[in-house]
Amino acid sequence: MELTIKNRAATVSVDSTAIVTKKNGTADLLFIQFTREGEAPEGDVVAAVRLNSIAELEDLKKTIEESIKKHKNAEREM
């Protein structure tokens with residue numbers, strides 16, 4: 001399958017991520033950018049994704065692992 005992406009979101013710098021799971025089975029994946037570091041750090045959530053189930057979180061994990069594996073294999077072939 002070929003996917004054509006017509007609208008692209010802005011790319012932002014991400015300093016940290018957080019995953020918040022809830023009793024209703026959803027999981028929020030938060031991308032955080034620090035605005036102040038040090039003993040009392042502060043940050044902004046620059047993007048967030050709501051996953052409807054833990055199964056979707058597991059699918060995301062699998063997709064990420066496959067992407068990393070493909071990247072490492074491509075580097076070896078060079």
Side-chain angles (χ1 to χ4, degrees):
M1 172 178 77
E2 185 174 320
L3 173 65
T4 302
I5 298 175
K6 299 203 177 225
N7 297 307
R8 294 183 184 185
T11 301
V12 294
S13 173
V14 174
D15 298 318
S16 186
T17 56
I19 298 174
V20 180
T21 56
K22 300 180 181 162
K23 289 182 180 182
N24 67 2
T26 64
D28 293 342
L29 175 57
L30 309 174
F31 298 90
I32 301 165
Q33 184 179 59
F34 291 126
T35 55
R36 185 173 75 185
E37 296 187 34
E39 291 185 28
E42 294 181 359
D44 295 328
V45 174
V46 294
V49 178
R50 161 109 0 115
L51 302 170
N52 294 312
S53 66
I54 297 301
E56 287 185 7
L57 182 60
E58 290 172 346
D59 287 343
L60 178 59
K61 175 187 172 189
K62 181 180 174 185
T63 300
I64 292 169
E65 288 174 339
E66 288 173 357
S67 295
I68 292 169
K69 184 178 178 179
K70 285 180 186 177
H71 176 76
K72 288 182 177 181
N73 287 339
E75 283 184 340
R76 282 189 220 129
E77 292 175 3
M78 294 180 154

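Nothing fancy with the numbering, it's 1 onward along the sequence.
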When clusters are formed by joining ILVMFWY residues with side-chain heavy atoms under 4.5 Å apart, either directly or through shared neighbours, do I68 and I19 land in the same one? yes
At their closest point, which heavy atom of D28 faces which heavy atom of R50, and how far apart are they? OD1-NE, 2.5 Å
Give me the atom names and distance for the closest heavy-atom approach of I32 to A18. CD1-CB, 4.2 Å
Indicate the atoms forming the closest heavy-atom contact of A48 with L30, along with that distance. CB-CD2, 3.6 Å
Do V49 and L60 have side-chain heavy atoms sitting under 4.5 Å apart? no
Hydrophobic cluster membership, with links at side-chain heavy-atom distances under 4.5 Å among I/L/V/M/F/W/Y: are F34 and V12 in one? no
pair K62-E66: side-chain heavy atoms closer than 4.5 Å: yes
Path from L57 to V14 over hydrophobic side-chain contacts below 4.5 Å: yes
To the closest 0.5 Å, what do you measure between OG1 (T21) and CG (L51)? 11.0 Å
If I compare all heavy atoms of R36 with all of A40, which pair ends up nearest, and what's the gap? NH2-O, 3.0 Å
Which heavy atom of I5 sits nearest a heavy atom of R8, and at what distance? CG2-CG, 4.1 Å
Check: E42 side chain, T35 main-chain N or O, donor-acceptor pair, under 3.5 Å: no
Within the structure provided, determine whether H71 and E75 are in side-chain contact (heavy-atom separation under 4.5 Å). yes
